[in-house]
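The structure appears right after this line, and notes come after that.
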Protein chains: 2
Amino acid sequence: MTQLQRRRIPDAAVTRLPVYLQILNNLHATNVLRFSSDELAALAGVNAAKVRKDLSYLGSYGTRGVGYEVTYLIHQIKRELGLLREWNVVVVGAGNLGCALAKFGGFAPRGFPVVGIVDNDAKKIGQTTGALTIGDVRNLGKMVRDLNITIGAITTSTATAQSAVDSLIDAGVASILNFAPIVLATPSSVSVRNVDLGVELQILSYYEQMRTEQTDGAKLQNKSSAVSV
Amino acid sequence: MTQLQRRRIPDAAVTRLPVYLQILNNLHATNVLRFSSDELAALAGVNAAKVRKDLSYLGSYGTRGVGYEVTYLIHQIKRELGLLREWNVVVVGAGNLGCALAKFGGFAPRGFPVVGIVDNDAKKIGQTTGALTIGDVRNLGKMVRDLNITIGAITTSTATAQSAVDSLIDAGVASILNFAPIVLATPSSVSVRNVDLGVELQILSYYEQMRTEQTDGAKLQNKSSAVSV
DNA sequence: ATGGCTTCGTGCAGAATTTCACAAAGTTCA
DNA sequence: TGAACTTTGTGAAATTCTGCACGAAGCCAT
């Protein structure tokens, strides 16, 4: 079974490929035809060897002494990421964020059209947001089948996020983009990506505090415990 | 210089601590007094040994045979992440997202009050959004000093994101939350966290495609558009 | 007290990731 | 043609992260 499936790309590399793609699209837009791993590394803020290794997971598409062709590499990254086709998205939770995502047209051109939005609130069901009518979360199964939906975005309240994801999984959706600040319980066959601004801010806070303390060390240094190197 | 600074917590652990904190806050809200590493691990979807190791970076705050105290651990995580004080945030870019962040009151109670919002568009400057008046990006330096701002959120267009971050860094801000789909060029002394839904969707797409291909091995695939493979 | 039970803290090994360093393979120019 | 130069692709070392396994330490019942 495993030998049928394509050679797996390391998770860490998978998270970088979309970033490379972004940059290559920009290069393409400015009529750049070729690039070297050094150039892409500089633009992506990573090590050049890492760029080469990441790209090598796609195949040997570079030319030694020359570099890589922008359009060709764009195609190869898209192929590998599954971006040569569209993936339909349903938004679960028609609050501020959910409606904003439904109205925001920025995902369709990038291959992720939002084709449905649902809620569990009878007052919201039937209303329209953007081009979509808010559906009943209880019809999610039929919706997923009829509209060929593969990705679900959770934009409900924290309290209902778990039941929302349960509904999605029941409906056969195995890719979840979760905006609720909660760790969802899902089987390992389901992919979840969490977007939590609170978490991001707290991570920034940690490093900011590190810097602050280090600076304070000059004036006052009683904080440091007994760490040496 | 390095020996003065506190024992560093591994990056991977730093990204998990806010998740633990979230869970512990929920436990606290439901009057749970104590928890074991096994329980927290189940709720966070990680290995119990990892939880114990992560928490051990804070110090030895557990009791063998018993577990950890919820409120005490909350305090310790907050201390380590620098959440015992507030960090003021400025939003750069008063578009849809920027104004939404400024109006959204959810960050202030978690220690990240949005105290300012700026733009470079003369038509927007002077307007109000929520409780804030949109300022001129050229006054960012004064604003950062006067309002004691430490974190900047980039919500500009892609085209102006780099100049926005340059202004922030000039103004002395070293923690950036970037919503623009672009890799920002910053000195290594600056922390950047990127929030890019396109990237997240594309990562999901990769794993979705993996699953699809594996399943298709049995049937036959006519759906995929112009893929060779 | 003592034995049994639970759970933490951590050494260590293995896995994953990053980075180095260099041969291989191509280009350019005289 | 061939020498100088550029850049890829990739073994292998270095680093980071994960997870097991178990001793240490506390609780409880008898």
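What you are looking at is a predicted structure, and each value in this text was computed from that prediction instead of being measured.
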Using whole Å, report how far [atom1] of [X] lies from [atom2] of [N].
{"X": "A:Asn47", "N": "D:dA14", "atom1": "CG", "atom2": "C1'", "result": "13 Å"}
{"X": "B:Asp38", "N": "C:dC8", "atom1": "CG", "atom2": "P", "result": "7 Å"}
{"X": "A:Lys50", "N": "D:dT8", "atom1": "NZ", "atom2": "C1'", "result": "18 Å"}
{"X": "B:Asp54", "N": "D:dT18", "atom1": "CG", "atom2": "P", "result": "8 Å"}
{"X": "A:Arg34", "N": "C:dG26", "atom1": "CZ", "atom2": "C1'", "result": "11 Å"}
{"X": "A:Leu17", "N": "C:dT17", "atom1": "CG", "atom2": "P", "result": "13 Å"}

Ignoring backbone atoms, test whether [X] places a side-chain nitrogen or oxygen under 4.0 Å from the OP1 or OP2 oxygen of [N].
{"X": "B:Tyr68", "N": "C:dG9", "answer": "yes"}
{"X": "B:Ser37", "N": "C:dC8", "answer": "yes"}
{"X": "A:Arg16", "N": "C:dT18", "answer": "yes"}
{"X": "B:Lys53", "N": "C:dT10", "answer": "no"}

Practice problem: Could you check if a side-chain atom of A:Leu83 sits within less than 4.5 angstrom of a side-chain atom of A:Phe112, using non-hydrogen atoms only? | Solution: yes
Quiz item: Can you tell if the side chain of A:Leu27 reaches within under 4.5 Å of the side chain of A:Phe35, non-hydrogen atoms only?
Solution: yes
Practice problem: For A:Pro10 and for A:Gly65, find the nucleotide of DNA chain C with the closest heavy atom, then tell me which residue's nucleotide is more 5'. | Solution: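 Closer to the 5' end of DNA chain C: A:Pro10.
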Exercise. State which residues pass ring pair (Phe, Tyr, Trp, His ring centres under 6.0 Å) with A:Phe179; sequence neighbours excluded, sorted by chain then number.
Key: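 A:Phe179: no ring pair (Phe, Tyr, Trp, His ring centres under 6.0 Å) contacts found.
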Would you indicate which nucleotide in [options] comes nearest to any side-chain atom of [X]?
{"X": "A:Arg52", "options": "D:dT8, D:dT18, C:dT18", "result": "D:dT8"}
{"X": "A:Asp11", "options": "C:dT17, D:dT8, D:dC17", "result": "C:dT17"}
{"X": "B:Ser60", "options": "D:dT8, C:dG9, D:dC17", "result": "C:dG9"}
{"X": "B:Arg64", "options": "D:dC20, C:dT7, C:dA25", "result": "C:dT7"}

Self-check item: Donor-acceptor contact below 3.5 Å, side chain B:Trp87 vs main chain A:Leu204
Solution: no
Quiz item: Is the backbone N or O of B:Pro181 less than 3.5 Å from a side-chain atom of A:Gln22, with the two atoms forming a donor-acceptor pair by type?
Solution: yes
Exercise. Looking at every strand, decide which applies to B:Ala49 at a 4.0 Å heavy-atom threshold: base, sugar-phosphate, or nothing.
Key: base
